[in-house]
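For reference, the structure discussed in these notes is given below.
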There are 2 protein chains.
Amino acid sequence: MARHANVSVGTVSRYLNGIIIRQTKREAIDKAIAALHYNRNAAAKAMRTERTNMVALLVPDYDEFFAEVLASLTRNLADEGQVLLTHKHEGDPKTLAMAMEFFQNHRVNAVVTPGVSEVRTQVEALVEHGIPVVFFNNDVPYLKVDRVFARNRDISRRAVRHLIDLGHRRIGHISGGMRETTAQDRQAGYSDALRDADIPLNPNYIAGASWKRQDAYSAIERLMQLDEPPTAIFTATYVLALAVIDYFREHDIALGKDVSLLSFDDVEIFRQMSPGVTAIAQPTTAIGQAISEIVLGHINGIQRIAPRTVTIDCSIILRQSTRPPRGNG
Amino acid sequence: MARHANVSVGTVSRYLNGIIIRQTKREAIDKAIAALHYNRNAAAKAMRTERTNMVALLVPDYDEFFAEVLASLTRNLADEGQVLLTHKHEGDPKTLAMAMEFFQNHRVNAVVTPGVSEVRTQVEALVEHGIPVVFFNNDVPYLKVDRVFARNRDISRRAVRHLIDLGHRRIGHISGGMRETTAQDRQAGYSDALRDADIPLNPNYIAGASWKRQDAYSAIERLMQLDEPPTAIFTATYVLALAVIDYFREHDIALGKDVSLLSFDDVEIFRQMSPGVTAIAQPTTAIGQAISEIVLGHINGIQRIAPRTVTIDCSIILRQSTRPPRGNG
DNA sequence: TTGAAAGCGCTAACAT
DNA sequence: ATGTTAGCGCTTTCAA
């Protein structure tokens, strides 16, 4: 291709990389590019330069939270010439491990992922090879990675306090998978609030321990069949709340009126329903921005070696699913 | 690294590629890998072999339809050792064009994307360079690509016929962006059904022409302020239906009872609402599977040169949002 | 089965 | 500003 334009390969390379060259050569190269349908080989370039302009994002699925963080991240990285490559692993550690190896082999500039304890080794390998890793949403401790998290525990505590302020005393919690800090922290916030209000913690009011919708359905079923069922429910994520809503509808329990519901994660459907569902909103844009700042810091060499943890505040969006308990209003 | 194991680089390469070598060498190499934290360079490998095991998927966003197709595709490709790299471009042709160039430079095995007329040139470039392109969801004609589409027109016709069968005569249509075949076909199906039933086509009953929620809100507003407002609405996608539902709620119009609603795309929220929304379900799993079959066909060299178009049937999920018109039931 | 060596397409250092 | 050349890490001949 350099031959076709009658110039040296070096000149072509320079031109392609934006270095100024003589007008005549420029035109010759342009013509050769068009004639030969020339197309740069990214692999060769990456091999030579050891830089790829790729950032990997690993998610279990594209639920609303991840999709929103992803959107924010894509935009912020694109501004700096980085391409975000997303890979979905459906929560399967094997697939995830393979994806991590894949991205390591491809020398991406960074890997962004919720912490997953099963792939500790792979994360360590990445870090060892100088590929920065950023955890968000869920943590796995003792790894030398950067972290961006919502203040899960604090906002959960405030959310449950809101229920207590409305007059609720029997408050149920449907928790997420308790191997994950996200679920642990949200449950801890629940406990904090009860303790703050001197309400004894009743283990029977805690159920679920899974992120799956059908497990949440069994959980709410059990809670509502107690002799003294809860008058309010706090769920650790929106999918669990959907199961609760299912159950309420099927058993003619009026949302808000009969039993209050407050959920983590503010999603479209909560706005759309009537009554609307009171929810904890994670600022997904801010989370995406924080992640991209860390990533870009690493890429531009500004980032200090010591891992950084960014914690982000959430807010509570009040809707009609939280009201004072029956016979108290 | 070959030095550390006291074997030649060729042997190492062979071993890494699964060719049988002597036991002693194998152990030596294993030890060297561990000691040096050896990590294969995918770029070098790709450069040499001209094959990458990567398939690119380009989407404007992760709405429920795309997310489901994506899930199916990821699984099917993973079974064959292909990694799906997803990139979201938010409908911006510039970002999309850049992404296409990026993936072309990286020599992905295939590019899967809804057809977008603004990037014709880039698609042609991909095809010219032997990278197969698969369109789904939306078409751009006259390009030498494979195609997987839902039978949009036919199912839309059947959907609107369902409304007619219930007794509706004044049926409104909120269309999608009319530059896209998806929107055109759905509107054509709407017209077909009216013609079948000898109902004159009233252009005033067609509104929208945009995929945006706020445009659909204006559209339904206009339709309902007509002297003879429609008694049933057919929307070209679920986002538009959400705007209709908004409008109905704000104006105390009872969904199904006062005005019927039927939407393209069967999403979670339609199942969850009460009354549920009658919807056209695209078989996303089948779509993903059809795409992956075509892609794998190309990769394994089975695919014939002539582009193939696969058309997939949809079904209508009946719920309570479609009922006979008032004073007719 | 293995070692030696060539070469994939590119960039960067060096020389001019 | 430009030509020349080495070499990135890998696979794949060719010989042995």
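Throughout, a chain's letter reflects where its sequence line sits, starting with A, and its residues are numbered from 1. When reading the values below, keep in mind they use all heavy atoms of this one structure, side chains included, and skip hydrogens, waters and symmetry mates.
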Taking only the side-chain heavy atoms of [X] (C-beta and beyond), determine which of [options] contains the nearest atom.
X	options	result
R48(B)	dT2(C), dT12(D), dT2(D)	dT12(D)
S13(B)	dT1(C), dT11(D), dC10(C)	dT11(D)
S8(B)	dA1(D), dG3(C), dT11(D)	dG3(C)
V7(A)	dG3(D), dC10(D), dT11(C)	dG3(D)

(request) Would you mind telling me which residue lines up with the more 5' stretch of DNA chain C, I19(B) or A42(A), judged by nearest nucleotide? (result) I19(B)
(message) By nearest heavy atom, map T11(B) and T49(A) onto DNA chain C; which one lands nearer the 5' end?
(response)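 Going by which nucleotide is closer to the 5' end, it is T11(B).
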(message) For the backbone of V140(B) and the side chain of R147(B), can you confirm whether one donor and one acceptor N or O come within less than 3.5 Å of each other?
(response) yes
(request) Report the residue (R40(B) or A44(A)) whose heavy-atom-nearest nucleotide on DNA chain D is the more 5′ of the two. (result)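 The residue closer to the strand's 5' end, by nearest nucleotide, is A44(A).
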Atom pair distance, as rounded to whole Å: [atom1] in [X] and [atom2] in [N]:
X	N	atom1	atom2	answer
N17(B)	dT13(D)	CG	P	13 Å
L16(A)	dA12(C)	CG	P	13 Å
R51(A)	dC10(C)	CZ	P	18 Å
M47(A)	dT11(C)	CE	P	11 Å
K45(A)	dC8(C)	NZ	C1'	17 Å
Y15(A)	dG9(C)	OH	P	21 Å
E50(A)	dT11(C)	CD	C1'	12 Å

(message) Students often mix this up, so state it plainly: with edges at 30° and 60°, are the rings of H37(B) and H129(A) parallel, tilted or perpendicular?
(response)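 The arrangement is perpendicular - the two ring planes meet at more than 60°.
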Is the shortest side-chain N/O distance from [X] to OP1 or OP2 of [N] below 4.0 Å?
X	N	result
K25(A)	dG3(D)	yes
N41(A)	dC8(C)	no
Y38(B)	dC10(D)	yes

(message) Distance criterion of 3.5 Å, no angle test: do you see the side chain of R14(A) paired donor-to-acceptor with the base of dG3(D)?
(response)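 Donor-acceptor pair under 3.5 Å: yes.
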(request) Determine the contact category for V12(B): base if any of its heavy atoms lies under 4.0 Å from a base atom, sugar-phosphate if only primed atoms, P, OP1 or OP2 are that close, otherwise nothing. (result)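 Result for V12(B) = nothing.
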Kindly check if the number of other-residue, nucleotide or ligand heavy atoms within 6.0 Å of [atom1] ([X]) is above 12?
X	atom1	answer
I20(A)	CD1	no
M178(A)	CE	yes
R120(A)	CZ	yes

